[in-house]
Chemist: 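The structure under discussion is supplied below as structure tokens; questions concerning it will follow.
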Amino acid sequence: MAIRKFKPVTPGQRNKAISSFEEITTKKPQKSLLEPLKSTGGRNNTGQMTMRYIGGGHKKMYRIIDFLRNKDNMPAQVLTIEYDPNRSARIALVQYADGEKRYIIAPNGLQVGQTVESGSGVAPELGNTLPLSEIPVGTMVHAIELRPGQGAAMARSAGTFAQLAAREGNHAILRLPSGETRMVLVSCRATIGVVSNTDHNLESFGKAGRSRWLGRRPHNRGVVMNPHDHPMGGGEGRATGGHPRSRKGLPAKGYKTRNPKAASNRFIIERRKK
């Protein structure tokens with residue numbers, strides 16, 4: 001999981017730092033696990049633009065990921081480690097003993113030829129998925145369920161993990177990447193290890209074109225707009241724009257948008273650090 005830094009031979013190479021992709025073992029994805037992914041360009045079903053600054057981007061197919069890991073007590077061999085254009089983490093193609101192939105989120109250090117398993121009674125080893133009730137306290141986990149049988153919901157992006165801090169009754173206490181500490185039912189599943197591509201946050205595109213390949217169009221700041229286009233627009237010269245807020249007028253940078261009556265509040269022990 002190394003980062004390639006480039007010499008400034010061209011303006012686009014200056015400050016460019018991207019993944020070395022040295023862990024990737026194949027360029028061809030498994031055809032049976034692909035689905036077409038339609039690009040919206042930020043438009044809804046009537047053609048109205050509902051999200052700004054979206055459009056273009058490279059054509060890609062969606063990889064069907066097994067977030068449930070519900071094929072219990074059947075070993076699966078890792079065939080390949082692959083790039084996924086739809087997420088920051090790497091994915092692994094595994095083949096179960098009965099011949100079925102599935103994609104899973106690849107943890108850091110997973111190698112081709114290794115065996116992974118899921119279910120109750122499985123050893124808490126790298127890439128294995130098991131209930132939180134059977135995972136040793138202090139273990140780094142990822143792809144965590146919030147409700148039993150729901151499928152992985154937390155800690156799925158590159159380099160993320162949560163630490164199993166303790167167990168109290170029917171709940172496990174997890175320390176999340178954001179610094180939040182929360183309770184999750186011990187019957188929920190998690191996968192051992194840290195998500196792959198840990199150096200993802202060190203990448204630097206080097207040129208605007210790389211953002212366009214991802215479908216991101218140039219983003220206009222509110223302070224450079226006119227008053228009828230944005231609440232922060234207008235003014236003489238380089239005005240600050242007053243209190244930061246969205247185009248709809250919702251305050252930003254410190255304004256709490258979480259519902260104080262949310263049902264999940266009772267599971268949160270400590271809020272994330274600012």
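If you're wondering where the values come from, they're calculated on a predicted model, not measured in any experiment.
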Chemist: Please report the C-alpha distance between T160 and L176 in whole Å, then the side-chain angles of each, then the deciding distance to 0.1 Å, and finally whether the side-chain contact (heavy atoms from CB on, under 4.5 Å) criterion is met.
Modeler: CA-CA 9 Å; T160 56; L176 302 181; over 6 Å; no

Chemist: Do you know the tightest heavy-atom contact between L185 and L132?
Modeler: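 Scanning both residues, the minimum pair turns out to be O-CD1, 3.7 Å.
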
Chemist: Any side-chain heavy atom of R212 sitting closer than 4.5 Å to one from P218?
Modeler: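 In short, these two side chains touch, coming nearer than 4.5 Å.
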
Chemist: Return yes when atom CE of M51 has more than 12 non-hydrogen atoms of other residues, nucleotides or ligands closer than 6.0 Å, and no otherwise.
Modeler: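 Incorrect, the count does not exceed 12.
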
Chemist: Hey, is CZ on R4 packed in by over 12 heavy atoms from elsewhere, all under 6.0 Å?
Modeler: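 Result for CZ/R4: open.
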
Chemist: Could you check if a side-chain atom of V223 sits within less than 4.5 angstrom of a side-chain atom of T240, using non-hydrogen atoms only?
Modeler: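 In short, these two side chains do not touch, never coming nearer than 4.5 Å.
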
Chemist: According to the interplanar angle, ranging from 0 to 90°, do the rings of H219 and Y53 count as parallel (below 30°), tilted (30 to 60°) or perpendicular (above 60°)?
Modeler: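 Ring orientation, 0 to 90° scale: tilted.
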
Chemist: Give me the atom names and distance for the closest heavy-atom approach of E23 to I81.
Modeler: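 The pair with the smallest heavy-atom distance is O-CB, 3.5 Å.
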
Chemist: Are there more than 12 heavy atoms of other residues, nucleotides or ligands under 6.0 Å from atom CG of N44?
Modeler: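 For N44, atom CG is crowded (more than 12 foreign heavy atoms under 6.0 Å).
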
Chemist: Could you pull out the closest heavy-atom pair between I105 and P107, with the gap in Å?
Modeler: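 In this case the closest contact between I105 and P107 is O-CD, 3.3 Å.
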
Chemist: Should M232 and R245 count as side-chain neighbours, where that means a heavy-atom distance under 4.5 Å?
Modeler: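 Yes - at least one pair of side-chain heavy atoms lies under 4.5 Å apart.
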
Chemist: When rounded to the nearest 0.5 angstrom, what is the spacing between CG in L33 and CD in E100?
Modeler: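 Separation between the atoms: 8.5 Å.
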
Chemist: Are N265 and R258 close enough that a side-chain donor and a side-chain acceptor fall under 3.5 Å?
Modeler: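 Yes.
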
Chemist: Can a salt bridge be assigned to the pair D66 and K71 using a cut-off of 4.0 Å between side-chain N and carboxylate O?
Modeler: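 The answer is no: the pair does not qualify as a salt bridge.
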
Chemist: Do I65 and D84 make a side-chain contact, defined as non-hydrogen atoms from C-beta onward lying under 4.5 Å apart?
Modeler: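 In contact.
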
Chemist: Over all heavy atoms of both residues, which pair between A89 and V195 is shortest? Give the atoms and the distance, please.
Modeler: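 What the structure gives for the nearest pair is CB-CG1, 3.4 Å.
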
Chemist: Ignoring hydrogens and angles, state whether a donor on the side chain of R69 or T129 is under 3.5 Å from an acceptor on the partner side chain.
Modeler: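 There is such a pair between these side chains.
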
Chemist: Heavy-atom count around R14 CZ within 6.0 Å, excluding the residue itself: above 12?
Modeler: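 No, CZ of R14 has 12 or fewer neighbouring heavy atoms, counting only those of other groups under 6.0 Å.
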
Chemist: Donor-acceptor check, side chain of R156 to backbone of A152, threshold 3.5 angstrom: yes or no?
Modeler: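 Checking the backbone N and O of A152 against the side chain of R156, a donor-acceptor pair under 3.5 Å is found.
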
Chemist: Is a side-chain N or O of S211 found less than 3.5 angstrom from the main chain of R216, in a donor-acceptor match?
Modeler: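 The answer is no, because no donor-acceptor pair under 3.5 Å joins these two groups.
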
Chemist: Taking atom CZ of R147 as the centre, report whether more than 12 heavy atoms of other residues, nucleotides or ligands fall under 6.0 Å from it.
Modeler: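 No, because the 6.0 Å sphere around CZ of R147 holds 12 heavy atoms or fewer from other groups.
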
Chemist: How close do V184 and L146 get, heavy atom to heavy atom, and via which atoms?
Modeler: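 So the two residues come closest at CG1-O, 4.4 Å.
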
Chemist: Go through the steps to decide whether R271 and I268 satisfy the test side-chain contact (heavy atoms from CB on, under 4.5 Å), and finish with yes or no.
Modeler: CA-CA 7 Å; R271 294 292 297 155; I268 298 172; 3.2 Å; yes

Chemist: Check P177 against F161 and note the closest heavy-atom contact, atom names and distance.
Modeler: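 Heavy-atom minimum between the residues: CG-O, 3.1 Å.
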
Chemist: Is a salt bridge present between E82 and R90, judged by a nitrogen-to-oxygen distance below 4.0 Å?
Modeler: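 Salt bridge between E82 and R90, a charged N being under 4.0 Å from a carboxylate O: no.
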
Chemist: Are L110 and Y96 co-members of a hydrophobic cluster defined by side-chain heavy atoms under 4.5 Å apart?
Modeler: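 In one cluster with Y96: L110, yes.
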
